[in-house]
Amino acid sequence: MTTPADSTTETSSGHRYDAALANRIECHWQSAWERDEVDRTLGPGDPGFDHTRPKFYCLDMFPYPSGAGLHVGHPEGYTATDIISRHRRMSGYNVLHPMGFDAFGLPAEQYAVQTGVHPRETTVSAIDNFRRQLKRFGFSYDWSREFATIDPDYYRWTQWIWLKAYDSWFDSGLQKARPIAELVEGLDSGSIDIEDEDGDRIDWSSLDAAGRRREIDGRRLAYLGEQTVNWCPRLGTVLANEEVIDGRSERGGHPVVRKPLRQWMFRITDYAQRLLDDLQLIDWPESTRTQQREWIGRSEGASIRFPIVDSDESLEVFTTRPDTIFGATYMVVAPEHPLVDAVVAGGGDPALATYVAEARNRADVDRMADSREKTGVPTGRFAINPATGERIPIWTADYVLAGYGTGAIMAVPAHDQRDFEFARRFDLPVRQVVVETRHEAGTPVADWTEAVVGSGFAIDSANEGVSLDGLSTEEAKTTIVAWLESSRIGRGKVNFKLRDWLFSRQRYWGEPFPIVFDEEGNHHPVSEKALPVVLPDLEDYEPVESEEPTPPLGKAVEWVFTTAGEAGVDPEVLPADTPVRREINTMPGWAGSCWYHLRYIDPTNEERLVSREAERYWMLSDRKSAKSDGPPTPGEEGFDPERHHVGGVDLYVGGSEHAVLHLLYARFWHKILFDRGEVSTPEPVGKLFHQGMITSFAYRRGDGSLVPIDEVETVTDESGDERNVEIATGETVERIVAKMSKSLRNVINPDDVIADYGADTFRLYEMAMGPLEASKPWNTRDIVGVHRFLQRYWRIAIDEEDGSLSLREEPDEAVERELHRAVAKVGDDIDRLAFNTAIAAMIEFVNAATGVGVTADQLDRFNRILAPFAPHVAEEIHHRLGCPGGVPYVTLAAWPSHDPAMLEDDTIEVPVQVLGKVRSRITVPAGSDNSTLEAAALEDPRIIEVVGDRTVRKVIVVPGKLVNLVVG
RNA sequence: GCCGGAGUGGCGGAAUCGGCAGACGCGACGGAUUCAAAAUCCGUUUCCCGCAAGGGAGUGUGGGUUCGAGUCCCACCUCCGGUACCA
């Protein structure tokens, strides 16, 4: 810092720390910090970068700027990361603490459509407003690293990563992605074999060019797939599975229907096992890891083929209970299953056609609504149970889902509750093949009210080839799978609930795909050098609400129909004058947020998405374990967070609503980049933390209806108890905690709070409310508490009459002790993200110093521990103290040290219990041994009185804590 | 239904490893200051009995382990979040 720092803020109207002064101080220092680039972070390659310091990458989930501006929930996590970042910086770390904006996607586009203003304009003005609001909080972001996902310089690399995935295939043997060129090479040389869907080897040499292309394209991590997708007519786009909740769109709650479509997909299922396994390596909230585990949904079982009667075909099913195959008395296929199509096409039972048509047209919402009673119809076809040789009917029913497994099941009504209910409804046979204890006989199934679903021992399960009788469920599974495999009927299989990620959207406001189609419909990538493929400006960007997907980019006719050369396809791939058609779907809103953590590291790099050197420094640092096999996991014995760390962002803070979507997608992209050697860690985020939601109060009448907050007043009765009454009626209403909403008029605008108290008070209030992870109600009445704390602090240091410093010459002994305690406590609490108790400790110090006063040195030390929380007032005091140590800004000062010896008093008061109840207190020198404490306790007159003539049978001494006498 | 989390004064919350329950803040009450008020400062504030000294009860409910439980174990109740026919 070469520019000398400004002198202190001049106060025109008084020297009291009030809202007006706070706002003047804050604005003054914010502009000084900005001018002197105080928050600038140097990285590898920057002049003056000190690589010997440890690094700390502290990331916030970047916001999606809406027209409504910042919500009070945003600054909660942002203040927390700001405090940690400032504390780490003061403790000698290089800290990367960036901010940017997520801006492509549906909400911005919907808003633009509503207002009739182009999304580029609405988005840019929303970003400007967000940035202004964020800056007003004094967060120490290095704004020189800011970007938005809509910046062509940024989405150029989003497109580049997509091309990387397009150019990759997943080697299931090595469990990693490799370049497509290696696949082609391997196939040509015969060192790699590929299989079809049934597991049969494909003869590569016998394929023609089109066949080869089909095989290669079908194996890309980014591929064009014909899939049944979630089509949302109201939004005019398809949605990913993760974006559909209870059959409705996550955004807007519109109905979603299933529809077969040809769309760009990501082969995320190939990574299912690694996405699951690596959850062990990361320090994430258990709830989030559980949610991801469940979403991935791994289950072990077997895939079995049931021959279809009067046909060469067979029906393949997945089951986790192959041991119950002898109890499979019928089969069920999903209404969408091809077998059903075939029967209907062949003119089967009209009731079947009706049922299937209804099931398909019903949105998933309705399917779930009447989920109580099972429905279904027989297809009229039969299959052979390969274990029993029995002919069993094939039904179709919507309790079997098309999207999971093969969309068909073997029904074992005795041992599966759903099958049991279905069998009872349609009077299908129930056959028991598992008993709970060994050597037990079966019980009459007619008496059953529910299926026996647990493990046990097999009975009545034998044929000429295999017998499971008497085996435990585990043994029976192994035995039957071995038989199935040797008989070529089936094989052991691991199935995942996770499905491939649908990555196309029929919307305007997203990244264009860097790909074109030739006249035969084959796709060809745009070359890296030609990126970005810029989103064309459209006058009419409105989505078409229709039954058929109609991407708005199709309206940019001149842009869409072009030549390979114009589109930037490598001439070696396609001659420059070849007529091509551009892809008119766009990427979904998640694309940009999958990798933004990497771009902050090196935001202006034009050669790479991030420089290798900077990526290694910020993501890997000196921690060694960037591999998937070694270290103990968080929570395990021997786990040391300082050493055992998979790398990645050191602290990522954001809401738990992204537990599956964003955080799973980001892990997936990061793993592709890791496999392709572009990044050095297998996981993007080493430690994740979710801040709780900030809620608000509302009121509820006796009948359960809600009352807006401004229609209620609080009255205090004689006993001091509070009662809330509805002003209009006088009726007593109950105060409840609710989400902030316009209708309850309990939404808090951060700008208003800052105007009333200043940003420092706002920051302190949100951090003092309670634990960061807890959901907490906003209570405007409580804000004054932390504001008074800052006023008392100000008053310790500043004479409110003339604004001069008022300090003691000699330190007060007790105040000095309190200061050491505060320094120790606040540092510890910041490390464990316990900001509420850190603030309580600082308040205690200020209360102790009030009326006594502090020396300049004491004031400076306290000021430095306050600085991460309330940086503006701390900066002002720092300057009024004349910049102690010659440090131009408190932001750049070092965290103060403390003397552990000062944390303890010379003498301590120890409670003495008799039978667990405190009966007296004794004062002893600190560090007294057990016998001293025991003797002092037994000599205490009050204790002698309480013990009376009872015998002291046992004395428990906890050194420094308490003495407990057992008498009787 | 299943998974995860939480129940502590009038309110938000604290108690980090089984060791003084209620830190800190709000509100309320009392006092000082003031012509008065605001602001500020000092004090009280879990509940019950008591003038007091003191005693009793107490961390959602019921049991248990322990010298000692808000904390550990078992059963249950309520609330919040996630998920939902995944074979």
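Naming convention: chains lettered A, B, ... in sequence-line order (proteins, then strands); numbering from 1 in each chain.
- In this structure rG9(B) sits in the syn conformation; its chi angle is within 90° of 0.
- Considering only the side chain of Thr320(A), rA87(B) comes nearest among rC85(B), rC26(B), rA87(B).
- Among the atoms of the strands shown, none is found under 4.0 Å from any heavy atom of Ser656(A).
- In this structure, the nucleotide among rG25(B), rC3(B), rC67(B) sitting nearest to the side chain of Lys954(A) is rC67(B).
- For rA23(B), neither phosphate oxygen OP1 nor OP2 lies less than 4.0 angstrom from any side-chain nitrogen or oxygen of Thr837(A).
- The side chain of Arg289(A) contributes no N or O atom lying less than 4.0 Å from OP1 or OP2 of rG4(B).
- Across all strands shown, rA28(B) is found opposite rU44(B) as a Watson-Crick or G-U wobble partner, with both distances under 3.5 Å.
- Separating the CZ atom of Phe789(A) from the P atom of rG13(B) is a distance of 20 Å, rounded to the nearest angstrom.
- Of the candidate nucleotides rC85(B), rC67(B), rC24(B), rC24(B) has the atom nearest to the side chain of Glu844(A).
- The residue Pro285(A) sits apart from the nucleic acid: no heavy atom pair falls under 4.0 Å.
- Pairing for rC51(B) is absent, judged as Watson-Crick or G-U wobble with the two contacts each under 3.5 Å.
- In this structure, of rA87(B), rC3(B), rG25(B), it is rG25(B) that holds the atom nearest to the side chain of Ile843(A).
- When the P atom is compared between rG10(B) and rU45(B), the two are found 15 Å apart, to the nearest whole Å.
- Using Watson-Crick or G-U wobble geometry with both donor-acceptor distances under 3.5 Å, rA75(B) finds its partner in rU61(B).
- In the set rG19(B), rC85(B), rG25(B), the nucleotide with an atom closest to the side chain of Gln913(A) is rG19(B).
- The closest side-chain heavy-atom distance from Leu279(A) to Arg293(A) is below 4.5 Å.
- The side chain of Arg788(A) places an N or O atom within less than 4.0 Å of a non-bridging phosphate oxygen (OP1 or OP2) of rG27(B).
- Contact check, Arg919(A) against rC20(B): no side-chain N or O comes under 4.0 Å of OP1 or OP2.
- Spacing between rC72(B) and rG18(B) at atom C1', rounded to whole Å, works out to 8 Å.
- Across Glu286(A), Gln291(A), Gln292(A), a single residue satisfies side chain to side chain donor-acceptor pair (under 3.5 Å) together with Arg289(A), and that is Glu286(A).
- Inter-residue side-chain proximity for Phe862(A) and Tyr793(A) is flagged as met; some heavy-atom pair is nearer than 4.5 Å.
- The side chain of Val918(A) sits closest to rA21(B) out of rA21(B), rG55(B), rC26(B).
- For rA14(B), one of the phosphate oxygens OP1 or OP2 lies less than 4.0 angstrom from a side-chain nitrogen or oxygen of Asn836(A).
- Straight-line distance between the P atoms of rA87(B) and rG81(B): roughly 27 Å, to the nearest whole Å.
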| Would Arg942(A) and Glu945(A) count as a salt bridge (charged side-chain N to carboxylate O under 4.0 Å, His left out) if you check the C-alpha gap in whole Å, the side-chain angles of each, and the deciding distance to 0.1 Å? | CA-CA 5 Å; Arg942(A) 174 87 193 114; Glu945(A) 188 190 328; 3.5 Å; yes
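- Distances shown here put every side-chain N or O of Lys961(A) at or beyond 4.0 Å from the OP1 or OP2 atom of rC67(B).
- Considering only the side chain of Thr290(A), rC3(B) comes nearest among rC3(B), rG27(B), rU40(B).
- Nearest to the side-chain atoms of Val958(A) among the listed nucleotides rC20(B), rC42(B), rG19(B) stands rG19(B).
- Judged by Watson-Crick or G-U wobble contacts below 3.5 Å, the nucleotide rG81(B) has rC3(B) as its partner.
- For rG30(B) and rG12(B), the C1' atoms lie 25 Å apart once the distance is rounded to whole Å.
- With rC26(B), rC85(B), rU16(B) as the candidates, the nucleotide lying closest to the side chain of Arg781(A) is rC26(B).
- With distances taken from any side-chain atom of Leu962(A) to the nucleotides rG4(B), rG19(B), rG27(B), the minimum falls on rG19(B).
- For Asn779(A), no side-chain nitrogen or oxygen approaches OP1 or OP2 of rG27(B) to under 4.0 Å.
- A centroid separation of 6.0 Å or more is found between the aromatic rings of Tyr330(A) and Phe426(A).
- Here, rA28(B) and rC11(B) have their C1' atoms 11 Å apart, quoted to the whole Å.
- For the C1' atoms, the distance from rC20(B) to rC67(B) is 16 Å, rounded to whole Å.
- Checked by atom type, the side-chain pair Thr269(A)/Asp500(A) shows a donor-acceptor distance below 3.5 Å.
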